[in-house]
Visitor: 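What follows is a structure written as structure tokens; I'll ask about it next.
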Amino acid sequence: MMDRKVILSTKGVGKYFYDPVKFKALDNISFEAYQGEFLSLVGKSGSGKSTLLYILSTMDTTYEGELFIEEKKVTGLSTDKLAAIRGENIGFVFQFHYLLPEFSCLKNIMIPALKLGKMSREEIEHEAYKRMEMLDLKEQALKPASKLSGGQQQRIAIARALINNPKIIMCDEPTGNLDTKNTQIVFDIFKQISHDFGQTIIAVTHDLDFAKASDRTIELADGKIISHGF
Amino acid sequence: MKSVNTEIAVTHILTRKKQTIVASFGVTIGIAIYICLNTLIIGTNRYSDNAIFKTTPHVRVYKEDEISKPLSKDTIGKHNPVVIVNPKISNISKNLINPIKLLTDIKRQPEVTAAAPMVIANLFYNNGKSQMNGTAWGINVVEANAMFDIQSTMVDGDFKTLLSTPNGIILGVGIADKLNIKRNDNVSVISSIGVIKLMKVVGFFKSSNIVTDKSKSYMNLAAAQQLLAQGPNYVTDIFVNIRNPELAPEYALTLGKLTGYTTEDWKAANELFVAGKKIRQVLFLVVSWAILLVAAFGIYNILNMTISQKLNDIAILKATGFLGRDVVRIFVMEAMVMGIMGTIMGFLLAALIVNLLSRIYIGADIGYFPIQFELPVSMTGAGVGMLVTFLAGYIPARKAAKVDPVAIFRK
Ligand SMILES: Nc1ncnc2c1ncn2[C@@H]1O[C@H](COP(=O)(O)OP(=O)(O)OP(=O)(O)O)[C@@H](O)[C@H]1O
Ligand SMILES: [Mg+2]
């Protein structure tokens with residue numbers, strides 16, 4: 001297990017907020033995430049989980065320390081380069097689905113791949129249908145995203161996160177809005193994609209059952225890692 | 001292949017058809033008014049310039065009166081300054097020296113399109129006991145007509161009859177009314193130096209100016225020379241038309257240097273008219289731009305609203321690899337679609353309005369409304385419309401591109 005490839009790592013990441021008062025939200029965070037690992041990030045409310053996740057996502061660039069993705073340092077790259085890295089390597093699932101309401105489910109799933117432009121439109125559509133099949137969504141493909149149930153919308157959002165075969169999938173409370181049945185479905189999907197397809201999952205969660213069932217749990221308290229879960 | 005940015009922009013537009021149409025309709029009105037007002041300026045300017053150019057040449061070359069001066073300044077020295085007490089306008093003739101050579105020199109200039117010699121004489125018109133004073137223009141019939149299109153102002157008789165009638169005269173209608181003269185009557189004229197001449201009235205003209213109609217007459221160059229008791233080499237003015245009358249003030253200086261005589265351009269001769277024209281132009285310009293800006297503001301508003309409703313969408317697009325400039329492109333494209341639709345419709349609406357206006361009969365010597373479709377100004381209007389919509393889209397789009405996805409996802 002320990003000799004697996006490191007896919008993402010941080011060195012001494014710290015983060016300050018200055019509004020309303022100077023406040024250290026993260027302090028000297030160093031950890032590694034491995035290929036194919038289902039990693040959960042837990043901690044009390046306000047412990048800095050989301051703050052850390054947004055730094056890992058490359059969307060938040062105002063931090064100290066260093067971030068590496070696939071052993072390449074991404075700290076300090078231009079916003080355009082970071083956007084390209086995100087598009088190719090990272091998929092996102094949030095508590096809210098953030099689907100584009102005017103588009104069909106199929107289009108919502110296809111858009112990140114159309115942007116990346118590595119496949120033809122036909123191939124992308126084919127890939128999107130494959131993801132929907134896996135997530136039991138095939139019947140919804142042509143419905144507008146706004147006409148789906150909450151669980152279905154969340155699964156569409158997961159399919160969208162998977163479309164570019166990202167090496168890492170980052171989730172902030174992906175099951176926060178879901179009932180136990182849908183939570184179980186999402187959990188199973190995550191297990192499957194990490195173990196069968198070798199994609200790394202980093203999921204912030206409050207759900208301790210969810211965390212326990214993941215491969216490893218990192219625990220934060222007051223902006224520090226108090227357990228690496230090994 | 002359609003780019004994903006285009007696809008998103010098109011979807012946004014199709015899902016808010018009504019707002020799109022309302023915004024582009026604003027542009028339609030703006031562009032239509034812009035084109036109509038500017039076309040109207042061109043039309044009325046062309047009409048009033050033409051009216052001016054029926055009586056005023058682009059540049060007039062003449063000899064200015066001079067005040068008598070001592071022959072020499074300082075032959076006697078500083079302590080005995082030479083002065084003329086009570087100086088008068090010197091008694092030098094107003095004749096332009098060697099007018100034939102002068103005329104050929106002027107006509108040889110590439111900028112000059114027409115040049116005509118003139119003898120302008122003050123005189124009295126008499127019929128029985130009634131008398132009126134006025135000014136006779138002694139002209140070269142063919143050249144003067146080429147310059148002023150006098151024929152088109154004739155209300156009775158044929159202008160060219162002057163060619164075959166050496167003592168013929170064409171009077172303004174005001175003179176004819178007052179002196180009760182009909183065509184083929186004789187009228188006796190007395191010049192300022194007392195020469196009396198009996199002339200045959202061959203026609204009447206009517207200009208757009210009542211004062212002119214009550215004083216001016218046309219006769220042959222030779223007849224005017226006789227009235228002033230001068231020979232065939234006597235010419236008081238040379239009237240010059242040039243290719244671009246707007247450049248007349250500059251060209252007048254050139255002609256002045258070339259001939260050594262005083263020159264006067266039509267703008268200097270009609271200062272009030274030129275000032276009025278400028279005011280009109282500025283007024284129309286301000287109004288047409290104001291309306292365009294209001295139209296642009298409509299687009300700006302709708303885009304701003306769309307963007308603030310779509311912050312979530314922008315955040316997820318940026319999270320999934322879209323760049324700031326992709327976001328700008330999406331929203332600018334939406335603005336441009338509204339702008340292009342509005343501009344095309346505005347162009348057509350303007351063409352329709354101009355067409356309708358040009359059928360309105362005003363009467364008097366204007367006739368129909370002096371307006372016709374002007375392609376260049378319409379193209380400018382379309383271009384300005386596109387530019388303004390581009391800006392109206394670009395400003396909010398740039399704001400959208402700066403949206404920080406983290407700030408959105410945290411909510
Ligand atoms: N934009 C901000 N400005 C100032 N302080 C912030 C900001 N965002 C977060 N914080 C603070 O940073 C700390 C960590 O916040 P964070 O959102 O990472 O917590 P969290 O662990 O995700 O909590 P939760 O489980 O409730 O989502 C909190 O104390 C919070 O108040
Ligand atoms: Mg959080």
Side-chain angles (χ1 to χ4, degrees), chain A residues 15 17 50-51 53-55 57-63 78-104 107-118 120-122 124 144-146 157 160-161 163-164 166 170 172-173 204, chain B residues 1-21 302-303 305-334 337-338 397-411:
Chain A
K15 166 92 186 172
F17 286 112
S50 297
T51 306
L53 194 77
Y54 290 126
I55 290 172
S57 78
T58 75
M59 285 191 275
D60 186 351
T61 53
T62 54
Y63 56 88
S78 70
T79 43
D80 283 5
K81 283 224 177 75
L82 291 176
I85 288 174
R86 276 202 299 280
E88 188 158 7
N89 296 305
I90 307 177
F92 293 99
V93 182
F94 302 98
Q95 184 168 354
F96 179 68
H97 55 73
Y98 291 106
L99 296 175
L100 307 184
E102 299 96 342
F103 291 83
S104 69
K107 271 283 154 60
N108 263 288
I109 296 170
M110 288 171 70
I111 281 174
L114 291 172
K115 173 62 204 165
L116 191 63
K118 290 238 162 117
S120 74
R121 187 169 277 265
E122 290 69 33
I124 292 171
S146 51
R160 178 181 60 193
I163 188 72
N164 284 339
M170 297 188 184
D172 195 350
E173 319 245 4
V204 168
Chain B
M1 196 178 86
K2 202 162 61 163
S3 95
V4 60
N5 293 346
T6 315
E7 201 170 332
I8 293 173
V10 168
T11 307
H12 280 172
I13 283 170
L14 290 180
T15 48
R16 18 186 86 215
K17 288 197 194 82
K18 209 167 141 194
Q19 279 164 308
T20 306
I21 288 171
I302 284 189
L303 234 66
M305 213 167 67
T306 308
I307 286 167
S308 55
Q309 286 169 357
K310 297 214 165 299
L311 289 178
N312 280 349
D313 299 21
I314 296 166
I316 193 70
L317 287 175
K318 290 187 87 175
T320 52
F322 283 71
L323 307 178
R325 59 174 172 278
D326 292 318
V327 177
V328 169
R329 249 176 235 155
I330 289 170
F331 289 105
V332 166
M333 228 183 290
E334 292 178 26
V337 168
M338 298 179 210
R398 256 204 10 192
K399 213 178 63 187
K402 290 204 182 110
V403 165
D404 176 13
V406 175
I408 306 292
F409 294 138
R410 273 188 176 284
K411 283 189 189 130

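Each chain gets a letter, A, B and so on, in the order the sequences are listed, and its residues count up from 1.
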Visitor: When rounded to the nearest 0.5 angstrom, what distance separates NZ in A:K115 from CD1 in B:I8?
Guide: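 Output value for this atom pair is 9.0 Å.
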Visitor: Between B:D313 and A:E102, is there a side-chain heavy-atom distance shorter than 4.5 Å?
Guide: yes
Visitor: Counting only pairs under 3.5 Å, give me each side-chain donor-acceptor contact of residues 89-101 of chain A, with atom names and distances, residues two or more places apart or in other chains.
Guide:
residue: A:N89; atom: OD1; partner: A:K167; partner atom: NZ; Å: 3.3
residue: A:N89; atom: ND2; partner: A:I85; partner atom: O; Å: 3.2
residue: A:Q95; atom: NE2; partner: A:N177; partner atom: OD1; Å: 3.4
residue: A:H97; atom: ND1; partner: A:L99; partner atom: N; Å: 2.9
residue: A:H97; atom: NE2; partner: A:Q153; partner atom: OE1; Å: 3.3

Visitor: Need one label for A:T51: side chain, backbone, both or neither, based on atoms under 4.5 Å from any heavy atom in chain B.
Guide: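 Contact with chain B: backbone and side chain both.
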Visitor: Heavy-atom pairs under 4.5 Å with chain B - which of A:D172, A:L82, A:D80 has more of them than the others?
Guide: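 Top option by heavy-atom pairs under 4.5 Å: A:D80.
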Visitor: Just to be sure I understand the criterion: a residue of residues 321-328 of chain B counts if one of its heavy atoms is under 4.5 Å from a heavy atom of chain A. Which ones qualify?
Guide: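 When heavy atoms of chain A are the reference, residues 321-328 of chain B contributes B:G321, B:F322, B:L323, B:R325, B:D326 within the under-4.5 Å range.
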Visitor: Determine whether A:K107 and B:T11 satisfy the following criterion, side chain to side chain contact (heavy atoms under 4.5 Å, CB included), listing intermediate values before the conclusion.
Guide: CA-CA 11 Å; A:K107 271 283 154 60; B:T11 307; over 6 Å; no
Visitor: Among the options A:M110, A:E88, A:M59, pick out the one with the most heavy-atom pairs lying under 4.5 Å from chain B.
Guide: A:M59
Visitor: Identify the heavy atoms of A:F17 and B:R410 that sit nearest to each other, and give their distance.
Guide: CZ-NH2, 3.6 Å
Visitor: What distance separates B:D404 CG from A:D60 CG, expressed to the nearest 0.5 Å?
Guide: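 Those atoms lie 7.5 Å apart.
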Visitor: Return yes when atom CZ of B:R398 has more than 12 non-hydrogen atoms of other residues, nucleotides or ligands closer than 6.0 Å, and no otherwise.
Guide: no
Visitor: Measuring from atom NZ of B:K402 to atom OG1 of A:T79, what distance do you get when rounded to the nearest 0.5 angstrom?
Guide: 11.5 Å
Visitor: Between B:P405, B:A315, B:A319, which residue shows the highest count of heavy-atom pairs closer than 4.5 Å to chain A?
Guide: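 Max contact count across the listed options: B:A319.
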